[in-house]
Protein chains: 2
Amino acid sequence: MASEKPMVAVTCTAPVNIAVIKYWGKRDEDLVLPINSSLSVTLHQDQLKTTTTAAISKDFTEDRIWLNGREEDVEQPRLQACLREIRRLARKRRSTGDEDPAALGLSYKVHVASVNNFPTAAGLASSAAGYACLAYTLAQVYGVESDLSEVARRGSGSACRSLYGGFVEWQMGERADGKDSIARQVAPESHWPELRVLILVVSAEKKLTGSTAGMRTSVETSPLLRFRAESVVPARMAEMARCVQERDFPGFAQLTMKDSNQFHATCLDTFPPISYLSDTSRRVMLLVHRFNAHHGRTKVAYTFDAGPNAVVFALHDTVPEFVAAVRHCFPPESNGDKFLKGLPVPPVPLSDELKAALDVDPTPGGVKYIIATQVGPGPQILEDPRAHLLGPDGLPKPAA
Amino acid sequence: MASEKPMVAVTCTAPVNIAVIKYWGKRDEDLVLPINSSLSVTLHQDQLKTTTTAAISKDFTEDRIWLNGREEDVEQPRLQACLREIRRLARKRRSTGDEDPAALGLSYKVHVASVNNFPTAAGLASSAAGYACLAYTLAQVYGVESDLSEVARRGSGSACRSLYGGFVEWQMGERADGKDSIARQVAPESHWPELRVLILVVSAEKKLTGSTAGMRTSVETSPLLRFRAESVVPARMAEMARCVQERDFPGFAQLTMKDSNQFHATCLDTFPPISYLSDTSRRVMLLVHRFNAHHGRTKVAYTFDAGPNAVVFALHDTVPEFVAAVRHCFPPESNGDKFLKGLPVPPVPLSDELKAALDVDPTPGGVKYIIATQVGPGPQILEDPRAHLLGPDGLPKPAA
C-alpha cells in the first residue's frame, strides 16, 4: 500500500571478494572473530555484485527482507545482529548530538531488498557481497559514518573485506569484544591495473558442507588448522602485503596457491573430513602448474574457496593463452559461444609445445564457463532512484 | 647352465602392511630415516604376498635380480644398499667366529627372483613386501640372525614393518646413524582375531607422483608436515598402541581415519600439491562416515596410502553389511562374480533405512573389486624346494 508519509530509500552495490590468504575458523562464534587475519582481492562489480535497497518509513510495521525476489525470515540471527549493530551505531551517533534525532528514523522499521547478478551458494562468496551491501546501505539510510567492519562481519565474516575496493586485509584483532577486528585497504583498485581474474565455474551445485558448520568442525577437530592460524598465517600476511605493494606477480601467485592448498588441507584434516575440491578442481590445479612449468615461471595462480570453482589470477597479457589452454583441457559443451563471460578475451591459437606440456585427456564440460574480470572498487551508492529495488509502497518492484 | 658345485637357495614369503599411523618424509635420504614413527597392520599372505628366492653359488659371476619374471638392473641404489648391508651383517657375524667362514658364501654372487601375487605400483605398497622379503631371504642365505630393520629399510622405509606379523611400529629413532630406527611388534596376529581388512581397488593406474619424490617435496615445502611429525604423531603413536592393546575398535578406527586424512592433508599442503585421493576415494570416505552415522557408532574405518585405493577396517560381523553397502554405492560392472576376492563374505540384503542414509547416486564400476583379508603373520620360509623361483641353473623357472 502506498504511503503518504515520506519513505527514505537508498540503493547501493557491493563487490565479491576472493581471499588469497584464507579465513577459516572463528575464535568467537557470536562476534564472528577469526582465528587468523586474511587478505583478499575485491572483484569488479561490472561482473559480480550485489545490489541492495533499504528503505525506512513510519508506516512500516515490521522489518522485512527479500533476497532475489523472495521474502526471507528477518528473524535469522545474522541478519538481526547486523540490524542491531547498525542501529546501535546510529544511536551512538545521535547521542553525540550532531544530527536531528528525528531524521535518523531510528524508531522506523526497515524494508530491505537485495539481488545478486550471479548464482548464490555456488562457492562465489555471495554472502560476503550480500552482507557488505546490507551494512553499507543501512549505514546510508541511518546516517552512520563510522567503520562498518563489525556490522558486515556479524553477517558473514568475510563480508567486512567487501567494504573496500582493491586489496583488503581483515586484521583478526586481539580484543575479546572484537573492536579491533576490522578490514582495511592494503592498496586501491588502481594499484595493479594489469591484474586479471578468471572465475572457472565447474559446478553450480549447492555445496555439501556450509562454511559456518565446516569452520566450527575444523576448529574443534583439526590440529593442523590451529598451527596454521598461529604459526603460518602471520608471516604469510606480511609476505602477501609485500607482494601486492611491489606488484610481484610470481610471489603473489605462488603464495596464493600455497595458501589455498593449505586451507583445503586443513579441511581434509577436519573430522569428519571436508572436501570442497572436486576432480575437476584438481585438474585445473594441474593445468596451472603445467602451464607455469612450460613457461619456466609462475604466470598463473589458482585459489579455491569453500567450493569447487577455481579463481585464477594472471596478468592481462597471459589471459588469452591461458583461456585457450582451459578450452583445450575442458572443451566447452554445446554453449560454446557463452563459454566466456565478462571482459573480452581475444582468441589465440595454442602452440603444439604447450599442448604437449599440458599432457591431458580433455574433460568436455568440466569447466561450464569462465567469467573474466579484474580488481574493482568498493561499495557504491546508486543515485538514480530508478535503481531502487523497492517501489514507493516499500515492496519489491516486479522484476523487469 | 647347470652347475656341479652346490648352489644354496632359499625361498621365503613376506606380507604387505598398511600403515594406520602414516610414514611420510625422511630426515635422512641415504639411510632412509623417517621424520616420525609409524604403526601398521600386517595383512595376511593368503591374499597378498611377495615370494622371493635367493641363491648363492661359486659359479655365479655377477649379482642378478628378476622381478615378476623380468630381469631388472641390479645396480639400482636401493638394491645395492640392501645387498651391502646384509653382507656387512654377515661379515660381522663371521668375525665373531661362531660359524664356518666358508659356509657363509660371502664371496659368492647372488641371484634373486621375486614375484608378487598382486599388481605392483597400484598403491598397495608392493615395495614394502618386496624389500622385506628380500631382506628376510638374503638373511637366510647368508646366515644372518640379527635385526633386519636396516636391511629392509634401506630398500624401502615401510618395508621394515613387513618383517613382523600382527601390529608393528617403526620407531623413528634419534641416532644419526639410524641404528635405533627399527621395527618391533606391538601385538601378534593372534591378538585381535575379529579384525578384518577390505581393500577396495578403485584404480590400477600407475600413480602420478612416486612416494620417494613426493616425500622429498613435502619435507621441503609443507609447513604442516613438519608440525605433524613433531607435534601430532608422538601422541597418536601412543594412542594407537593403546587402541590395539585394548582392542578398542572405535578408537582404532577414528584415529586411523584421522591419520590418513592428515597425511593426505600434508600432501595437499606440499607445493606443487600432491593428490592421491580421487573422487571415488572421497566417495568411499563419505560412504564410511554415513555408514557409521547410521549405526550411531564407528564400525568401519578407511585409510589411504599414496594412491586412490581404500583399505577398510571392520570387525568380522560388520563386513557383510558393509560389502553390501559398497555394492550398492558402486554397482559392479560385468565381472560381478569376481567383485569379491579373498576371504568369503556372505551376501546380505541392505536395509532401506541404510540405503536412505547412504544417500548416494551409485557410481557403477567406481570400485573395481574388493580383496577381503585379515591380520596375518610375518615372513615365512618355504621348506619345499619346489617353491624355488630359481632352477638348479640359477635362472628363473619358466612360469607354470
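Applying the salt bridge (charged side-chain N to carboxylate O under 4.0 Å, His left out) rule to pairs touching residues 261-270 of chain B yields nothing, sequence neighbours excluded.
Ranked by heavy-atom pairs under 4.5 Å with chain A, the list B:Thr266, B:Leu268, B:Val288 is led by B:Leu268. Considering only heavy-atom pairs separated by less than 4.5 Å from chain B, the leading option among A:Ser278, A:Pro273, A:Ala293, A:Ser231 is A:Pro273.
Between B:Phe263 and B:Trp24, the ring-plane angle classifies as tilted under the 30° and 60° cut-offs.
The contact between B:Arg236 and chain A is made entirely by side chain atoms (from C-beta outward), counting heavy-atom distances below 4.5 Å.
Here A:His328 pairs with nothing under the ring pair (Phe, Tyr, Trp, His ring centres under 6.0 Å) rule; sequence neighbours left out. Shown here are the ring pair (Phe, Tyr, Trp, His ring centres under 6.0 Å) partners of A:Tyr302, two or more places apart in sequence or in another chain: A:His289, A:Phe304.
Residue-level contacts of residues 252-261 of chain B with chain A, in order of numbering, are B:Gln254, B:Met257, B:Lys258, B:Asn261; threshold 4.5 Å between heavy atoms.
Between atom OG of residue B:Ser37 and atom CD of residue B:Gln171 there is a gap of 6.5 Å, rounded to the nearest 0.5 Å.
Under a 4.0 Å N-O distance rule, the pair A:Arg242/A:Glu239 qualifies as a salt bridge.
For the pair A:Arg282 (side chain) and A:Leu277 (backbone), a donor-acceptor distance under 3.5 Å is present.
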